[in-house]
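Taking it in order: structure first as structure tokens, then the write-up.
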Amino acid sequence: QVTLVESGGGSVQAGGSLRLSCVVSGYYEAYTSCMAWYRQAPRKEREGVAALGSDGGIRYADSVKGRFTISKDTRKKTLYLDMNNLKPEDTAMYYCATQSGPPCREWAFEADRFGYWGQGTQVTVSS
């Protein structure tokens, strides 16, 4: 059983920063597999934000390139998302997800490919 727990969300003004964390417990290989951050705003579909593959490959959504950074701490089994220069359009519930398999750069933003999800953490950016 794999459990993912996100934290770090909150309310900030535009231009501010937040760091999201996702602690993984359970089946260890889930942590060394593809890991990704997704977000879902009200009345919108869930979308991929950033992904980190088992081969170290990284992918970002165009809307967050240059502002968000995905990373992980292997010892702490924690995935991070550093978000800078936040914009009101970044407001959403943010989820982390993991799935074992081949390097995921090509499929990391296909939500139905992921078998394990956290409960989400809310990010609200005001103008």
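Sorted by first and then second residue, the salt bridge (charged side-chain N to carboxylate O under 4.0 Å, His left out) pairs with a member in residues 98-109 form an empty list; sequence neighbours excluded. Applying the salt bridge (charged side-chain N to carboxylate O under 4.0 Å, His left out) rule to pairs touching residues 90-103 yields R39-D90, R67-D90, sequence neighbours excluded.
Cluster membership for F68 and V12, using ILVMFWY side-chain heavy atoms within less than 4.5 angstrom, is shared. V5 and Y116 fall into different hydrophobic clusters, where Ile, Leu, Val, Met, Phe, Trp and Tyr residues are linked whenever their side-chain heavy atoms come under 4.5 Å apart, directly or through other members. In the hydrophobic clustering of ILVMFWY residues, with side-chain heavy atoms under 4.5 Å counting as a link, Y80 and Y60 come out apart. In the hydrophobic clustering of this structure, L52 groups with L81; members are Ile, Leu, Val, Met, Phe, Trp, Tyr whose side-chain heavy atoms approach within less than 4.5 Å, directly or through other members. Residues M83 and I70 share a hydrophobic cluster, clusters being chains of Ile/Leu/Val/Met/Phe/Trp/Tyr side chains in contact below 4.5 Å.
In this structure a side-chain-to-backbone donor-acceptor pair under 3.5 Å is present from Q99 to G115. In terms of modelled atom types and a separation under 3.5 Å, the side chain of E6 and the main chain of G120 share a donor-acceptor contact.
Rounding to the nearest 0.5 angstrom, the gap separating the NZ atom in K77 from the SG atom in C22 is 11.0 Å. Interatomic distance, CZ of R59 versus CZ of F109, reported as 5.0 Å (0.5 Å rounding). To the nearest 0.5 Å, the span separating OG on S21 from CG on L4 amounts to 12.5 Å. The distance from the CE atom of M35 to the OG1 atom of T78 is 8.5 Å, given to the nearest 0.5 Å. K44 contributes atom NZ, which lies 15.5 Å from atom CE of M93 (distance to the nearest 0.5 angstrom).
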Does L86 form a side-chain contact (heavy atoms from CB on, under 4.5 Å) with Q13? I'd like the steps, not just the answer.
CA-CA 8 Å; L86 283 160; Q13 290 189 328; over 6 Å; no

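Contact record, G118 with Y95: O-CD2, 3.6 Å, taken as the closest heavy-atom pair. The two residues P88 and S126 have their closest heavy-atom pair at CG-C, 4.4 Å. The shortest heavy-atom contact between V49 and V64 is O-CG2, 3.6 Å. Between C34 and A108 the shortest heavy-atom distance is SG-CB, 4.3 Å.
The only option from P102, C104, P103, S100 that meets the side chain to side chain contact (heavy atoms under 4.5 Å, CB included) definition with S33 turns out to be S100.
With sequence neighbours excluded, the residues that form a side-chain hydrogen bond (donor to acceptor under 3.5 Å, both in side chains) with R19 are D82. By the ring-ring contact (aromatic ring centres under 6.0 Å, His included) test, Y38 pairs with F114, W117, sequence neighbours left out. For Y94, there are no ring-ring contact (aromatic ring centres under 6.0 Å, His included) partners two or more places apart in sequence or in a different chain. Evaluation of the side-chain hydrogen bond (donor to acceptor under 3.5 Å, both in side chains) rule for S17 yields N84 as partners, not counting sequence neighbours.
Considering only heavy atoms from C-beta on, V125 stays 4.5 Å or farther from E89 through its side chain. Two residues are said to be in side-chain contact when any heavy atoms from C-beta on lie closer than 4.5 Å; L79 and T98 fail this criterion.
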